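Working notes for the structure below.
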Amino acid sequence: MEFVKPKPTGKGPEDWFNGDVWFDVIHAGTEPSRLRANMVRFAPGARTAWHHHAVGQTLHVVAGTALIGTRDGTVYETHPGETVTCPPGEEHWHGATADRFMQHLALWDAVAPDDDRPETTWLEHVTDEQYQAPRTRSN
């Protein structure tokens, strides 16, 4: 058993986020584990850029209301205790509402050692129009 010393909280880079986003790396597995886990905190109005994950991503909302957008223009509203899985290669974004902080646990896998794809591919920033699109609740 190993108790891992926490790493300092990191500020989300401007290339990947609009607004203030902070994250704590919980786990960055090394072979044979490829699990990645970050606790991510979004200031009101903050959001990721469009991106996708080679092996998919799971988001578990801890606090606030999360917005999760898809390329078809749908913006899902999710609440604490809800979990959303984004399949491999699906372009999406996630962030906080304009008036509340949001915190989620982000889980994803790194690619296998013989796979040369990046685990996350970052794309363009989400526009205000995309961010402000009407919201829907999941089934």
Side-chain angles (χ1 to χ4, degrees):
M1 185 176 301
E2 176 187 358
F3 288 85
V4 179
K5 182 178 179 177
K7 296 179 181 177
T9 297
K11 174 103 169 78
E14 291 180 13
D15 288 351
W16 298 353
F17 299 96
N18 285 12
D20 289 327
V21 177
W22 297 88
F23 62 91
D24 290 302
V25 175
I26 295 171
H27 185 72
T30 55
E31 289 296 328
S33 172
R34 295 191 310 268
L35 174 68
R36 309 288 194 239
N38 285 356
M39 186 63 72
V40 189
R41 295 165 187 88
F42 293 77
R47 58 210 183 249
T48 68
W50 286 101
H51 63 286
H52 61 85
H53 301 272
V55 192
Q57 181 183 46
T58 298
L59 304 170
H60 179 78
V61 181
V62 175
T65 300
L67 303 177
I68 302 171
T70 61
R71 281 292 187 184
D72 69 3
T74 304
V75 177
Y76 292 99
E77 181 178 300
T78 56
H79 297 273
E82 294 180 334
T83 302
V84 178
T85 300
C86 302
E90 180 178 58
E91 293 182 5
H92 66 281
W93 62 267
H94 31 104
T97 59
D99 61 346
R100 301 274 323 258
F101 282 89
M102 186 274 289
Q103 179 175 335
H104 68 48
L105 179 62
L107 305 159
W108 71 100
D109 286 312
V111 295
D114 60 349
D115 188 337
D116 62 355
R117 296 176 298 167
E119 59 191 61
T120 304
T121 300
W122 292 97
L123 304 165
E124 77 276 11
H125 282 278
V126 173
T127 66
D128 289 342
E129 181 180 49
Q130 292 167 327
Y131 172 75
Q132 295 166 356
R135 301 174 192 166
T136 188
R137 290 281 290 144
S138 62
N139 295 336

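In this text, all values refer to a predicted model and were calculated from it rather than measured experimentally.
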Counting C-beta onward and ignoring hydrogens, is there a side-chain heavy-atom pair between Met102 and Thr65 closer than 4.5 Å? no
Hey, could you give me each pair passing salt bridge (Lys or Arg N to Asp or Glu O under 4.0 Å) that has a residue in residues 80-97? Not counting sequence neighbours. Arg71-Glu91, Glu82-Arg137
What salt bridge (Lys or Arg N to Asp or Glu O under 4.0 Å) pairs are there with at least one residue in residues 26-52, not counting sequence neighbours? Asp24-Arg41, Arg36-Glu119, Arg47-Asp128
Search all heavy atoms of Ala96 against all heavy atoms of Pro44 and return the closest pair with its distance. CB-CA, 4.3 Å
Any salt bridge (Lys or Arg N to Asp or Glu O under 4.0 Å) pairs touching residues 10-19, not counting sequence neighbours? Lys11-Asp20
Which other residues belong to the hydrophobic cluster containing Leu123, where Ile, Leu, Val, Met, Phe, Trp and Tyr are joined when side-chain heavy atoms lie under 4.5 Å apart, directly or via other members? Trp50, Leu67, Val75, Trp93, Val126, Tyr131
Strictly by ring-ring contact (aromatic ring centres under 6.0 Å, His included), give each pair with a member in residues 22-43 just once, sequence neighbours left out. Phe42-His104
Are there over 12 heavy-atom neighbours, none belonging to Glu124, within less than 6.0 Å of that residue's CD? yes
Leu59 vs Leu105 side-chain heavy atoms within contact, under 4.5 Å: no
Trp122 and Val25: same hydrophobic cluster, using ILVMFWY side-chain contacts below 4.5 Å? yes
By salt bridge (Lys or Arg N to Asp or Glu O under 4.0 Å), Arg135 pairs with (sequence neighbours left out) Glu77
Residues joined to Val55 in its hydrophobic cluster, side chain to side chain under 4.5 Å directly or through other members, sorted by chain and number, are Val111
Who passes side chain to side chain donor-acceptor pair (under 3.5 Å) against Thr127, sequence neighbours left out? Gln130
Under 3.5 Å, is there a donor on one side chain and an acceptor on the other for His53 and Thr120? yes
Thr78: partners by side chain to side chain donor-acceptor pair (under 3.5 Å), with sequence neighbours left out: none
Same cluster or not: are Trp108 and Leu35 linked, directly or through other Ile, Leu, Val, Met, Phe, Trp or Tyr residues, by side-chain heavy atoms under 4.5 angstrom apart? no
For Thr58, check side chain to side chain donor-acceptor pair (under 3.5 Å) against everything at least two apart and list the hits. none
When every non-hydrogen atom of Ala54 is compared with those of Pro118, the smallest separation belongs to CB-O, 3.5 Å
Please examine the side chains of Pro80 and Val61, heavy atoms only from C-beta on, and report whether any two atoms are closer than 4.5 Å. yes
Are Val62 and Leu107 connected into the same hydrophobic cluster when the rule is that any two of I, L, V, M, F, W, Y join if their side-chain heavy atoms are below 4.5 Å apart? yes
Show the nearest heavy-atom pair for residues Ala106 and Gln57, with the distance to one decimal. CB-NE2, 3.8 Å
Supply the members, apart from Phe3, of the Ile/Leu/Val/Met/Phe/Trp/Tyr cluster built from side-chain contacts under 4.5 Å; use none for a lone residue. Met1
Taking side chain to side chain donor-acceptor pair (under 3.5 Å) as the definition, give me every residue that meets it alongside Thr70, ordered by chain and number, with sequence neighbours left out. Asp72
On the 0 to 90° scale, with breaks at 30° and 60°, tag the His92-His94 ring pair as parallel, tilted or perpendicular. parallel
